[in-house]
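It should be emphasised that the depicted structure is a prediction, and the values quoted were computed from it without experimental measurement.
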Amino acid sequence: DQQVKQNSPSLSVQEGRISILNCDYTNSMFDYFLWYKKYPAEGPTFLISISSIKDKNEDGRFTVFLNKSAKHLSLHIVPSQPGDSAVYFCAASGQAGTALIFGKGTTLSVSS
Amino acid sequence: GAVVSQHPSRVICKSGTSVKIECRSLDFQATTMFWYRQFPKQSLMLMATSNEGSKATYEQGVEKDKFLINHASLTLSTLTVTSAHPEDSSFYICSARAGRNTGELFFGEGSRLTVL
């Protein structure tokens, strides 16, 4: 049973527009959520995180929104740039010190 | 920021041989490191949790005799794929958490294993 779901395997956006990547989770014990960006043949790079006590966290062009009641989070990238083209993984964590559970990823393509 | 280094980045070996992958935390001590495996176009799957000074905790379905994990120091964990077979070919990634109370994990660059 997949605890972290990214239902859209791919997303195409034009440069300058907003990219919205979605993630759903099933485990109500998750209390920390993260987004990672990954290029082929490289390890994931941390982007932004959010604790379950917040509903929004912003860092530059990246904003993560958390809706606990819906068990849903989203990553907004605005404005999108061609260099943002990569696979984006949503991940969740329970207690501190435990491993992350990853979604299957969404491939974002930003065209110029 | 915290850096995790993984070596080698690419390795090709013959079927039946063993391969060791190292994971080092360069500027922090990591009592716990995690090993993930990624198949093409799939998610990162947790294989095991590596605990310094004790035995690793393996996820269900991961053969502990095949994927030997050693966490000899606070900055080094190793994954040894024993008697490798072509189906073990994958992208192996290690990660470590820099602080106790943060959920963020820092990842190594990954190691691409190809078994011929």
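Two residues are said to be in side-chain contact when any heavy atoms from C-beta on lie closer than 4.5 Å; B/Q38 and A/F89 meet this criterion. A/L100 has its side chain within reach of B/Y36: a pair of non-hydrogen atoms, C-beta onward, lies under 4.5 Å apart.
The six-membered or imidazole ring of A/F102 lies away from that of B/F34, with a centre-to-centre distance of 6.0 Å or more.
For the set A/S51, A/P9, A/G105, A/P44, the count of heavy-atom pairs under 4.5 angstrom toward chain B peaks at A/P44.
For A/K54, the NZ atom is loosely surrounded, since the number of other residues' heavy atoms within 6.0 Å does not exceed 12.
In terms of hydrophobic clustering, with Ile, Leu, Val, Met, Phe, Trp and Tyr side chains grouped at heavy-atom distances under 4.5 Å, B/V19 and B/I69 are assigned to a common cluster. In terms of hydrophobic clustering, with Ile, Leu, Val, Met, Phe, Trp and Tyr side chains grouped at heavy-atom distances under 4.5 Å, A/V87 and A/I101 are assigned to different clusters. Transitive grouping of hydrophobic side chains (ILVMFWY, heavy atoms separated by less than 4.5 Å) keeps B/V11 and B/I93 in distinct clusters. A single hydrophobic cluster is not seen to contain both B/L79 and B/V4; linkage of ILVMFWY side chains at heavy-atom distances under 4.5 Å, directly or through other members, places them apart.
In this structure, chain A has a heavy atom under 4.5 Å from the side chain of B/L46, while its backbone stays farther away. Neither the backbone nor the side chain of B/Q6 has a heavy atom closer than 4.5 Å to any heavy atom of chain A.
Applying the ring pair (Phe, Tyr, Trp, His ring centres under 6.0 Å) test to every pair with at least one member in residues 55-79 of chain A, sequence neighbours left out, gives these pairs: A/F65-A/H76.
Put simply, OG on B/S43 and NZ on A/K5 are 13.5 Å apart, with the number rounded to the nearest 0.5 Å.
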